[in-house]
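This report concerns only the one structure given below.
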Amino acid sequence: MEEIKTESGEKKASLNFIEQIIEGDLQDGYKGEVHTRFPPEPNGYLHIGHAKSIILNYGMAKKYNGKMNVRFDDTNPTAEKTEYVDAIREDLHWLGAEWDDREYYASNYFQQLYEWAVMLIKQGKAYVCQLTPEELSAHRGTPAEPGTSPYRDRPIEESLDLFERMKNGEFPDNSYTLRAKIDMSSPNMQMRDPIMYRILHAEHHRTGNKWCIYPMYDYAHGQSDYIEGITHSICTLEFEVHRPLYDWFLDQIAPAGAPRPHQHEFARLNLNYTVMSKRKLKRLVEEHYVNGWDDPRMPTVSGLRRRGYTKDSLWKFVEKVGVAKRDNIIDLSLLEFCIREDLNKKALRVLGVINPLKVVITNYPDGKTELLEAVNNPENPDDGTRMVPFGKEIYIEREDFMENPPKKYFRLSPGAEVRLRYAYFITCQEVIKDADGNITELHCTYDPLTRGGDSPDGRKVKGTIHWVSAKDAVKAEVRLYDRLFNKENPDEAEEGKDFLSNLNPDSLTVKEALVEPSLLDAKPLDSYQFERIGYFCCDKESTPGHLVFNRTVTLKDTWAKMSK
RNA sequence: UGCCCGAUGGUGUAAUUGGCAACACGUCUGACUCUGGAUCAGAAGAGCCCAGGUUCGAACCCUGGUCGGGCAACCA
């Protein structure tokens, strides 16, 4: 939230437009608490865009001492599954949303919705139509020209009878629909006698085969909000043109002057270098471009979690992103900033080498091992210290040695001295190569007086590098992730191609790293900072016998930037 | 050619709602540092889509354009 100073100098948070609406309502003598809802359709997993919606809805409820319901919008049995309900529930909990026992389903209201529909037919405000999908489309008109519907004057009794028979399963799918009789010449296409019910002989994940007619979103949503006593129905911009319809249905069922929900629309979240539509995410999963909905490259809540993103970092991100009505594409760097900031404070530091280069310390006693004290987290002294084994043979990162270093290269090179973090100063004496000229190992000498990393004579070294004892190192599979797509906007594909053509072939690189033995204790979802490399999160597939870490994000790398 | 939204530094969001544009990310300096991390100090970068109008005064109001997004699934 932005902060602005008032004349008196104290800080005052500026409000986003939703907060302004709510506070306006509150000031207008609105009675009762603020009550929002998060209404996912269980036809896929939640993504970071949903996280924005959840945090908005839940955040508003919390801020104004209200409540948030969870309501599964399950009006289309052909797309919805219990698997998704469970996954959504898990993500919601993980994000920290609380909804007590207020977990509802649009399908809970099927009977009530049906009765209201009958009422509307009796009032001459709804009718049974038998246009085929193609015909219906053709009869809708164009935005500029009015449409027609040949059945809108069907006698009430006849519609009543037909609707009853629709419900009883006498007709096949797509043969009849129930339509609201509103205005076939409305400039708003949503108002051109929208379909309220369609016939679907499909098994519903909750109501089974009880129903074969199902309400459409527009007919179900506002009514459900009304039944639950929702005050602020917050949704994304594409529903803006539905609002008159939302209000129209409520006009039919809510007594005049009675409290009723109002719909407010905000701009959905977009992130560059990824896709956010459920349809596309589903394709990535089903066509195996990624390894499931929780693949750490996915912008799904479960994917981000597995990648190592914390709940707090996501909240921070959403807060920084803000809420408004204009289309936006958020830079990935903001998300990365949020997780770095969070993990910098929380993650324990460890030593691990991803591209090992062997170093023999020639003047170090053969067979000797010693334990050196290392700080667990310089940002938090309470995290204490640990002992890390050191020996004559160690591994360092290949990138930390250059035979012919450029200027300002502070790491190891022939004749140069660097500090091994928490250990000793070493100087490179000799470069060993194989027949092809590849560097296979380094011979270095150490200064025994620099134990722990400080030199008694006060001499300085510019570089400090990480390392791991060859004898004590533990192997770990390390999964290095990069952006899933090469293009900021993956939908910008060449002629005849789609977003899949912009997939980044290098979005996942698997390496075998050597890490310090303390990592044997790592449990799935534990986050660590591999010093000088990045943040890593223990994967759910990790076992003590086969450690697996996902790289959440690299550390900021000023050197990489300089050397470009 | 219809209707509905929107338009502020590279990105996102603000401007006490008419009083000469702020914050964050990013970028770039420099300091410091046993992570080229973190931290600290500082800089550059928009004159608010355009054109008129109202006003002492407009990013905020009005008019007309321009550009972007959405709407014609028996999806949500």
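Nothing here was measured: the structure is a model prediction, and the numbers come from that model.
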Would you mind listing every salt bridge (Lys or Arg N to Asp or Glu O under 4.0 Å) that reaches into residues 172-182 of chain A, with sequence neighbours excluded? A:Asp153-A:Lys181

Distance-only criterion, 3.5 Å: show the donor-acceptor pairs between side-chain atoms of residues 141-150 of chain A and protein atoms not counting sequence neighbours.
from: A:Thr142; atom 1: OG1; to: A:Ala144; atom 2: N; distance (Å): 3.3
from: A:Thr142; atom 1: OG1; to: A:Glu145; atom 2: N; distance (Å): 3.0
from: A:Thr148; atom 1: OG1; to: A:His139; atom 2: ND1; distance (Å): 3.2
from: A:Ser149; atom 1: OG; to: A:Tyr127; atom 2: OH; distance (Å): 2.7

For Watson-Crick and G-U wobble pairs within 3.5 Å on both distances, what is RNA chain B written in dot-bracket notation, | included for inter-strand pairing? .((((((..((((.....[..)))).(((((.......))))).....(((((..]....))))))))))).....

Any pair counted as salt bridge (Lys or Arg N to Asp or Glu O under 4.0 Å), so long as it reaches residues 345-355 of chain A, sequence neighbours left out: A:Asp312-A:Lys346, A:Asp342-A:Lys346

Pairs under 3.5 Å (N/O, protein and nucleotides 42-45 of chain B):
none

Once the angle between the rings of A:Phe72 and A:Tyr105 is folded into 0 to 90°, is it parallel (under 30°), tilted (30 to 60°) or perpendicular (over 60°)? parallel

N/O donor to acceptor pairs below 3.5 angstrom from side-chain atoms of residues 269-276 of chain A, sequence neighbours left out:
from: A:Asn270; atom 1: ND2; to: A:Asn328; atom 2: O; distance (Å): 3.0
from: A:Asn272; atom 1: ND2; to: A:Ile330; atom 2: O; distance (Å): 3.4

How many whole angstroms separate atom CZ of A:Arg326 from atom P of B:rA59? 16 Å

Please encode protein proximity along nucleotides 65-75 of chain B as a string of B, S and -, counting only heavy-atom distances under 4.0 Å. ----SBSBSBS

Please classify the nucleic acid contact of A:Pro378 as base, sugar-phosphate, or nothing, using heavy-atom distances under 4.0 Å. base

In chain order, what residues pass the ring-ring contact (aromatic ring centres under 6.0 Å, His included) check against A:Phe337, with sequence neighbours excluded? none

Among residues 328-345 of chain A, which ones have heavy-atom contacts with RNA chain B below 4.0 Å? A:Asn328, A:Ile329, A:Ile330, A:Asp331, A:Ser333, A:Leu334, A:Phe337, A:Asn344

Sequence neighbours excluded, which residues qualify as ring-ring contact (aromatic ring centres under 6.0 Å, His included) partners of A:Tyr219? A:Tyr197, A:Phe249

Rounding to the closest angstrom, what is the interatomic distance between B:rC49 and B:rG9 at atom P? 8 Å

Residue met sooner reading RNA chain B from 5', once A:Val321 and A:Thr558 are mapped to nucleotides: A:Val321

With sequence neighbours left out, write down each residue that passes ring-ring contact (aromatic ring centres under 6.0 Å, His included) with A:Trp248, or none if nothing qualifies. none

What orientation do A:Tyr45 and A:Trp293 show, parallel under 30°, tilted 30 to 60°, or perpendicular over 60°? parallel

Among residues at least two apart in sequence or on other chains, which ones pass ring-ring contact (aromatic ring centres under 6.0 Å, His included) with A:Phe390? A:Tyr364, A:Tyr424, A:Trp467

Check the orientation of A:Phe239 and A:His242. Use parallel for under 30°, tilted for 30 to 60°, and perpendicular for over 60°. perpendicular

